[in-house]
Amino acid sequence: MWELLKEFGQFLRQEKKWWLLPIAAILILIGALIVFASGSGIAWLLYPFM
């Protein structure tokens, strides 16, 4: 896992594609929200968006 993050960081530095960082962060946050909210009390809020 850490190797993937290091490789992604090297790619960003080498190719100067810093605009990918916020997009990747948002996608990771949305994925974590879906995974952790599926068994909690806020799951009913996510159903309209799935």
Side-chain angles (χ1 to χ4, degrees):
M1 179 66 182
W2 293 111
E3 188 67 32
L4 179 65
L5 291 175
K6 285 179 8 185
E7 187 174 340
F8 184 64
Q10 289 173 352
F11 170 76
L12 290 177
R13 272 185 263 131
Q14 183 179 5
E15 300 294 327
K16 308 258 190 287
K17 302 228 183 248
W18 296 110
W19 55 271
L20 286 174
L21 195 59
I23 295 171
I26 289 171
L27 288 174
I28 290 171
L29 287 174
I30 290 173
L33 178 67
I34 290 172
V35 167
F36 292 123
S38 64
S40 71
I42 65 167
W44 60 273
L45 290 172
L46 296 177
Y47 289 141
F49 302 110
M50 292 183 162

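Treat the numbers as computed from the prediction; the structure is a model and nothing was measured.
When the side chain to side chain contact (heavy atoms under 4.5 Å, CB included) test is applied to Trp2, the partners found at least two apart in sequence or on another chain are Leu5. Contacts of Glu3 classified as side chain to side chain contact (heavy atoms under 4.5 Å, CB included), with partners at least two apart in sequence or in another chain: Lys6. Checked against side chain to side chain contact (heavy atoms under 4.5 Å, CB included), Leu12 has the following partners two or more places apart in sequence or in another chain: Phe8, Lys17, Trp18, Leu20, Leu21.
Crowding of Glu7 atom CD: a count of heavy atoms from other residues, nucleotides or ligands under 6.0 Å not exceeding 12.
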